[in-house]
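Here is the structure we will look at, set down as C-alpha cells.
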Amino acid sequence: MNDDSTIYTGKATPDAAADRGWLLGHFKDPGDPRHSEDVEIKWGVHPKGDERERWATAERRTALLVLISGRFRLEFPGRTVVLAEQGDYVLWGRGVDHSWYAEEDAVVLTVRWPSIPGYRVDEPSRTSCDDAHETGQRSRNAEIV
C-alpha cells in the first residue's frame, strides 16, 4: 500500500493467499481500503482436480466468475458451464445453487455482491463463523468460489 490511503496497490496472488483468495469484502478490517459491504472480489488459484466438496446452497448474493487462465467447470441445477478460453465468464443470481471443478490448473476472478457475513467455512480446527464470508465445504486445497 502506498502513502495515500485512498489508493491501494498490491499483487493479487500473494495478497489473495493471505485470506483464502479474497482481495476485497466486508471481512477486511474497516480501516483497510479493501473493506466493502457492497462487493467481494476473489483471485482464485485452483490446481487441476480441485473441487467443491458439496454444492453451495441458499445463496443470497449475485456472482460473476471470469476465467483468467486454465479450464474451469461450474455446475448448476440442470446445467453445466465450462469456461475454456481466457475471458469466458458466467453470471448467476441469488438463489442459484452451484458447485465447481478445476479441469486444468485455473485462475479465476470472482465478484460477488453484496458482501454478506456468515458465508465462511472455518478451518476444521476452528468453530466460529461470526466473521464469515463463505458457505459450503472447503475444497481439499482451501479454495472456495
Side-chain angles (χ1 to χ4, degrees), residues 1 7-145:
M1 186 163 130
I7 299 172
Y8 186 98
T9 60
K11 293 191 179 286
T13 299
D15 287 359
D19 198 8
R20 297 198 228 174
W22 294 101
L23 297 173
L24 186 141
H26 77 275
F27 36 82
K28 295 293 187 184
D29 182 69
D32 188 322
R34 298 170 297 166
H35 175 86
S36 173
E37 307 259 333
D38 300 318
V39 66
E40 299 172 353
I41 298 177
K42 179 178 183 181
W43 183 259
V45 178
H46 299 276
K48 181 179 180 175
D50 196 17
E51 64 185 336
R52 182 181 262 296
E53 291 182 15
R54 67 176 174 159
W55 283 62
T57 60
E59 181 61 69
R60 296 184 299 154
R61 301 160 301 177
T62 299
L64 169 73
L65 188 142
V66 181
L67 182 69
I68 305 301
S69 64
R71 187 176 173 95
F72 201 77
R73 182 177 74 225
L74 289 112
E75 301 286 343
F76 300 98
R79 183 169 181 191
T80 298
V81 175
V82 176
L83 307 178
E85 295 182 18
Q86 185 178 53
D88 285 354
Y89 68 92
V90 60
L91 173 87
W92 64 96
R94 295 176 182 169
V96 177
D97 298 345
H98 75 282
S99 190
W100 53 260
Y101 179 79
E103 293 187 350
E104 297 175 357
D105 289 349
V107 176
V108 296
L109 179 71
T110 304
V111 180
R112 292 193 304 212
W113 61 95
S115 184
I116 302 173
Y119 277 82
R120 178 176 170 176
V121 171
D122 292 311
E123 298 291 337
S125 63
R126 295 174 61 192
T127 58
S128 173
C129 290
D130 293 340
D131 64 338
H133 64 271
E134 184 54 60
T135 188
Q137 286 288 325
R138 294 183 53 78
S139 74
R140 291 185 312 266
N141 295 303
E143 292 295 328
I144 303 221
V145 171

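Computed over heavy atoms, backbone and side chain alike; hydrogens, waters and symmetry mates excluded. Since we're looking at a predicted model, the values are computed, not measured.
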>> Taking the ring of H98 and the ring of W55, is the distance between their centroids below 6.0 Å?
In response: no
> How long is the span from the NE2 atom in H35 to the CG atom in D38, to the nearest 0.5 Å?
Replying inline: 9.0 Å
>> I'd like to know if D29 pairs up with R34 as an ion pair, taking the criterion as any Lys NZ or Arg NE/NH1/NH2 lying under 4.0 Å from an Asp or Glu carboxylate oxygen.
In response: no
> With sequence neighbours left out, what residues match T62 under side chain to side chain contact (heavy atoms under 4.5 Å, CB included)?
Replying inline: L91, R94, W113
> Can you name the nearest heavy-atom pair linking R112 to A63, along with the distance?
Replying inline: CG-CB, 3.7 Å
>> Could you go through E37 and S115, starting from their C-alpha distance and side-chain angles, then the distance that decides it, and tell me whether this counts as side chain to side chain donor-acceptor pair (under 3.5 Å)?
In response: CA-CA 5 Å; E37 307 259 333; S115 184; over 6 Å; no
> Quick one: does L109's side chain get under 4.5 Å of I41's, heavy atoms only?
Replying inline: yes
>> Looking at D105 and K48, would you say the former's side chain and the latter's main chain have a donor-acceptor pair under 3.5 Å?
In response: yes
> Which heavy atom of I116 sits nearest a heavy atom of E40, and at what distance?
Replying inline: N-OE2, 3.5 Å
> Which pair of non-hydrogen atoms, one from H46 and one from A102, has the smallest distance, and what is that distance?
Replying inline: CB-CB, 3.8 Å
> Got a sec: does the CD of E104 have more than 12 other heavy atoms crowding it under 6.0 Å?
Replying inline: yes
> Which residues satisfy the side chain to side chain donor-acceptor pair (under 3.5 Å) test with T13, sequence neighbours excluded?
Replying inline: W43
>> For the CH2 atom of W100 and the OG1 atom of T110, what is their distance to the nearest 0.5 Å?
In response: 9.5 Å
> With distance as the sole test, does D32 use its side chain to make a donor-acceptor pair with the main-chain N or O of K28 at under 3.5 Å?
Replying inline: no
> Under 3.5 Å, is there a donor-acceptor pair between the side chain of D15 and the main chain of A12?
Replying inline: no
>> How long is the straight-line distance from CG of L67 back to CG of L83, given to the nearest 0.5 Å?
In response: 5.5 Å
>> How long is the straight-line distance from CG of L64 back to OH of Y89, given to the nearest 0.5 Å?
In response: 7.5 Å
>> Restricting to non-hydrogen atoms, name the atom on R52 and the atom on S99 that form the minimum distance, rounded to 0.1 Å.
In response: CB-OG, 3.6 Å
>> For a 4.5 angstrom cut-off between non-hydrogen side-chain atoms, does S69 reach Q86?
In response: no
Listed pairs under 3.5 Å, donor-acceptor, residues 70-82 side chains, sequence neighbours left out:
{"residue": "R71", "atom": "NE", "partner": "E103", "partner atom": "OE1", "Å": "2.5"}
{"residue": "R73", "atom": "NE", "partner": "E75", "partner atom": "OE2", "Å": "2.8"}
{"residue": "R73", "atom": "NH1", "partner": "E103", "partner atom": "OE2", "Å": "3.0"}
{"residue": "E75", "atom": "OE1", "partner": "T80", "partner atom": "OG1", "Å": "2.7"}

